[in-house]
Engineer: 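Questions regarding the structure given below will be posed in turn.
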Amino acid sequence: MNRLLDDLNPEQRAAVITTDGPLLVIAGAGSGKTRVLTRRLAYLLTERKATPYQLLAVTFTNKAAGEMRDRVAELMGGEIGGLQVSTFHSFCSRLLRREAVRIGYDNQFTVFDAGDSETVIKNSIKELGLAGTQFAPRAQMRKISDLKNKLVGATTYLSQAGGYFENATAKIYALYEKRLRECDAMDFDDLLVNSVLLLRDNPEVAKNWRERFRYLLVDEYQDTNHVQYLLLKYLLDSHNNICVVGDEDQSIYGWRGADIRNILDFERDYPGAKIIKLEQNYRSTHTILAAASGVIANNESRKGKTLWTALKGGDPLSLLITDSAEDEARHVVDIVVRRGETSRLSDMVILYRTNAQSRAFEEQLRRRNIPYQIVGGLAFYQRKEIKDLLAYLKLIVNPKDDISFNRVVNFPKRGIGDRTIEELTTIARASGSSLLETAGMANQHAPLGAKAKALMAFAGLIEKHRETADTKPVAVLVQDIVEELGLVQELLSEDKVTGQTKIENIETFIEGISEYSTHNPSSTLAQYLADISLFTDLDIYKEIENKITLMTIHSAKGLEYDTVFLVGLEEGIFPFERSIAEPKQIEEERRLFYVGATRARKKLYLTCAVMRHRFGAVDSIPSRFIRETPQELIEKIDFRRQGMYSLPSATQARPMQQPLPSQRPQEAGVHYVYEENETFHPGRVVHHPTFGRGRIVTTEGVGDSLKLEISFTGIGTKKIMARFAKLKVVG
DNA sequence: ATTCCCGACGTTTTT
DNA sequence: CGTCGGGAAT
């Protein structure tokens, strides 16, 4: 008998042993997908269909890739040398570093993260004289990214752009591309796009890679975009051995260019393709599955499948109806505490639509001393102190990286300000060299005058480290830099409190590098940077300590927990405001709900608030997804302070787009200023949640624009927008 | 060059 | 309410 197949159900087994030709595996939530993927790889190896070197498996996150590699290694007793299990991005990065010269890049090119890219876009907009409100850098970035993913280059777009706005975007796009090239840098999209272009324009290179890979395996196929689709086409030899695994109901990255048609049209793309559906769910109770299935059934873009489970019954869903975001958080945390008595915190997760929602929950958890961890949001590598250090490292590896140069040339302070940088930039552009190179020869350029010395010293510092970078471990190099720059003193002098946490972050960073080095003993600084630039918070996330986890639903894909809190179920939040008008986007929101709900093994809580602050007070309408859930599966718990005002029941049927007539609560108890301006006039004593007790000195404006000048005891006077501050009248 | 204060602005999800 | 960028003060 075969230990790789024995404990699989018939469909899973078929997905493992159907090795040749195109195969689509529709893997419902919790259907044992990872198990099938790893068994399939191990099966190909043990049956001698291919050597590890001839297999390519692609996933979306580094974490998933790492887990898959580990599990295959376990199945194979460790003999998987050369097996490529990687993300699309890291595979492309490796491909490009080998072939960079063919497309005019150095093989030590830098990868710009979203922040770096935005800086370049901003600079480009400014340089083109387009600065102003009508060209928001982020919107431009989105457009450029969309164009790239459609394989429309800057030159092409420039020639076909019509009208003022398209022309402006085309110019920004073109300049952005130019600057990226000058910096020897690529953005995330470029990794994919340049790989495809390289394979398209160099048939002999494409042939080499094609002949190498005998079997392709793609995870999360529903999230692939057009460029990724093309990449697979270029890598696929005439053997057509491609197996894609996915679930159209879990396609949640349409906004990033993912094309659900890739999975819906697979059979048309690959004639003769076989399809296997994994429909038995091993994760959730029957109740949870029925709830999720009931909601997703409202979608049209589906291949259709019927998930079933051998697990009968299960707790009903609990719907918590609360007054405000704060109340929502308080009641959720109450339940966390209660459940925490009998189960582990690490078995629970709070999932929200947007990162901004995490704050209220954090506050409550901190107040009650519950250990928690947040995944995503302000990612570790996005923190200023870490980005600054990384900029030093990037500059050491790539002297052309002007963005990193600008980031650190005056950090710590070296007396090099905007004027000097402007001058330096002009000289560098004229001579076609980078900022760092120009700085190194500053004494030859009269306009730099007295600043030449500081510039040359900086360039010398970078140069010195470049020479020794490969002779010592990366962690030691970073430690040396930190000491040489006097960063500890520098950060402490800025601000004692935040400086201390920054120092701790730097220590964590250095520890992380050490750990990386033990796993990759012969790795150079350049290799470290190449890897690290593709890492995200999610990849570092470990479920080790007994902490409750908070994250967005997007981040939770692929994970599972006993207890799941799906919060903020209100129209405008979830489904998100911007998606409400478009049926296609509503379907994606619905899939997101489906992903969130199916993370739960045993118990699912849904919560909503009736009032939520978003630029002032707004009445919230319960999410349509609550209404779409089979009502008999829901147990309603109403935490609203009864009798003060009435809102329709959360589940009452109502035409979707019709907002309720606004009903202002006639509240007793807490006084929110924006509702009762007349209570606030000079002399009144009020209480502010962060500043404490204070006396109103002056008032200005009325209604939403009411501004108060308040003298707080021991803090001094502060001007406060009454609309936002939660002030309580004390006397 | 740097710092500090003010007003404008904002909020989706991420490799 | 936060954060960020611009502009004036030092």
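Computed from heavy atoms alone, side chains included, the values below leave out hydrogens, waters and symmetry copies. Convention: sequence-line order gives letters A, B, ...; per-chain numbering from 1.
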Engineer: Heavy atoms under 4.0 Å, any strand shown: does A:T420 hit a base, just sugar-phosphate, or nothing?
Structural biologist: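 Touches sugar-phosphate only.
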Engineer: As a test of reading the structure: which of B:dT14, B:dT12, B:dA1 is closest to the side chain of A:T354, going by heavy atoms?
Structural biologist: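 Within the option list, the nearest is B:dT12.
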Engineer: Mind checking if A:D418 touches a base, just sugar-phosphate, or nothing, with heavy atoms under 4.0 Å?
Structural biologist: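 Touches sugar-phosphate only.
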Engineer: Check every atom of B:dT12, B:dT15, B:dT2 against the side chain of A:R256 and return the nucleotide holding the closest atom.
Structural biologist: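 Of all the options, the side chain of A:R256 is nearest to B:dT15.
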Engineer: Roughly, in whole Å, what's the span from CZ in A:F88 to C1' in B:dT14?
Structural biologist: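 Between C1' of B:dT14 and CZ of A:F88: 15 Å.
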Engineer: Evaluate the side-chain proximity of A:K387 to A:D113: yes if any heavy-atom separation is below 4.5 Å, no if none is.
Structural biologist: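 Yes, at least one pair of side-chain atoms sits under 4.5 Å.
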Engineer: So if I take every side-chain heavy atom of A:R142 and compare against B:dT13, B:dT14, B:dT15, which nucleotide ends up nearest?
Structural biologist: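 When the side chain of A:R142 is considered, B:dT13 is the closest of B:dT13, B:dT14, B:dT15.
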Engineer: Tell me the interatomic distance from A:I252, atom CD1, to B:dT14, atom C1', rounded to whole angstroms.
Structural biologist: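 Checked: the CD1 to C1' distance equals 10 Å.
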Engineer: Check the distance between C:dG5's P and A:N123's CG and give it to me in whole angstrom.
Structural biologist: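 After rounding, the reported distance stands at 11 Å.
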Engineer: Measure the acute angle between the ring planes of A:H226 and A:Y229, then classify it against the limits of 30° and 60° as parallel, tilted or perpendicular.
Structural biologist: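 Ring orientation of A:H226 relative to A:Y229: parallel.
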Engineer: Which part of the nucleic acid, if any, lies within contact of A:N410, taking any heavy atom under 4.0 Å across all strands shown: a base, the sugar-phosphate backbone alone, or nothing?
Structural biologist: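 It contacts sugar-phosphate atoms only.
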Engineer: Rounding to an integer number of Å, can you tell me how far A:D531 CG sits from B:dT15 C1'?
Structural biologist: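 In whole Å, B:dT15 C1' lies 14 Å from A:D531 CG.
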Engineer: Stacking here means centres under 5.5 Å and planes under 30°; does A:F60 stack on B:dT15?
Structural biologist: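 Check failed, A:F60 does not stack on base of B:dT15.
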Engineer: Answer yes or no: is there a donor N or O on one side and an acceptor on the other, between the side chain of A:E570 and the main chain of A:A609, under 3.5 Å?
Structural biologist: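 Confirmed, A:E570 side chain pairs with A:A609 backbone.
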Engineer: Over how many whole Å does the gap from A:E118 atom CD to B:dG10 atom C1' extend?
Structural biologist: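 Taking atom C1' of B:dG10 as the reference, CD of A:E118 is at 13 Å.
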Engineer: Has the side chain of A:W255 got a donor or acceptor that lies under 3.5 Å from a partner of the other kind on the base of B:dT13?
Structural biologist: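 Counting by modelled atom types and ignoring angles, a donor-acceptor contact under 3.5 Å is found here.
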Engineer: What nucleotide, of B:dT12, B:dT2, B:dT14, holds the atom closest to the side chain of A:K413?
Structural biologist: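 Minimum distance to the A:K413 side chain belongs to B:dT2.
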Engineer: Taking only the side-chain nitrogens and oxygens of A:S90, find out if one of them lies under 4.0 Å from OP1 or OP2 of B:dT15.
Structural biologist: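 For B:dT15, OP1/OP2 do not have a side-chain N/O of A:S90 under 4.0 Å.
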Engineer: Is the distance from OP1 or OP2 of B:dT12 to the nearest side-chain N or O of A:T552 less than 4.0 Å?
Structural biologist: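 So the side-chain polar atoms of A:T552 never come under 4.0 Å of the phosphate oxygens OP1 or OP2 of B:dT12.
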Engineer: Hey, which of these two, A:K451 or A:E588, hits DNA chain B nearer its 5' end, going by closest nucleotide?
Structural biologist: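 The residue mapped nearer the 5' terminus is A:K451.
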Engineer: What does A:R419 touch in the nucleic acid at a heavy-atom separation under 4.0 angstrom: a base, only the sugar-phosphate, or nothing?
Structural biologist: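 Result for A:R419 = sugar-phosphate.
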Engineer: I want to verify a distance call: between B:dA1, C:dG6, B:dT12, whose nearest atom is closest to the A:K126 side chain?
Structural biologist: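 Among the listed nucleotides, the one closest to the side chain of A:K126 is C:dG6.
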Engineer: Hey, is the side chain of A:N225 poking within less than 4.0 Å of OP1 or OP2 on B:dT15, counting only N and O atoms?
Structural biologist: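 It does not, given that no N or O in the side chain of A:N225 lies less than 4.0 Å from OP1 or OP2 of B:dT15.
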Engineer: With salt bridge (Lys or Arg N to Asp or Glu O under 4.0 Å) as the criterion, how do A:E177 and A:K148 come out once you've worked through the C-alpha distance, each side chain's angles and the decisive distance to 0.1 Å?
Structural biologist: CA-CA 11 Å; A:E177 289 289 279; A:K148 283 192 179 185; 2.9 Å; yes
Engineer: If each of A:I421 and A:F576 is mapped to the nucleotide of DNA chain B with the nearest heavy atom, which maps nearer the 5' terminus, i.e. the 5' end?
Structural biologist: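 Taking each residue's closest nucleotide, the earlier one in sequence belongs to A:I421.
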Engineer: For A:K384 and C:dT3, what is the distance between atoms NZ and C1' respectively, to the nearest whole Å?
Structural biologist: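 Roughly 15 Å, once rounded to whole Å.
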Engineer: Report the distance from atom CZ of A:F112 to atom P of B:dT15, rounded to the nearest whole Å.
Structural biologist: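 Taking CZ of A:F112 and P of B:dT15, I get 19 Å after rounding.
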Engineer: Please work out if A:F188 contacts a base, only the sugar-phosphate, or nothing of the nucleic acid, heavy-atom cut-off 4.0 Å.
Structural biologist: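 Base contact.
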Engineer: Parallel, tilted or perpendicular, judged at 30° and 60°: which one describes the rings of A:F361 and A:Y352?
Structural biologist: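 Ring orientation of A:F361 relative to A:Y352: parallel.
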Engineer: In whole Å, I'd like the distance from the CD1 atom of A:I260 to the C1' atom of B:dT13.
Structural biologist: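 Taking CD1 of A:I260 and C1' of B:dT13, I get 16 Å after rounding.
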Engineer: Testing A:L606, A:I626, A:V349 for side chain to side chain contact (heavy atoms under 4.5 Å, CB included) with A:L566, which one passes?
Structural biologist: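 For A:L566, the side chain to side chain contact (heavy atoms under 4.5 Å, CB included) test succeeds with only one of A:L606, A:I626, A:V349, which is A:L606.
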Engineer: Going through the checks in order, is the side-chain hydrogen bond (donor to acceptor under 3.5 Å, both in side chains) test met by A:Y176 and A:D187?
Structural biologist: CA-CA 10 Å; A:Y176 172 74; A:D187 63 21; 2.7 Å; yes
Engineer: For atom C1', what is the distance between C:dC4 and B:dT13, given to the nearest Å?
Structural biologist: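 Approximately 23 Å lies between the C1' atom of C:dC4 and that of B:dT13.
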Engineer: Is A:K122 near enough to C:dG5 that one of its side-chain N or O atoms lies under 4.0 angstrom from OP1 or OP2?
Structural biologist: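 For C:dG5, OP1 or OP2 has a side-chain N or O of A:K122 closer than 4.0 Å.
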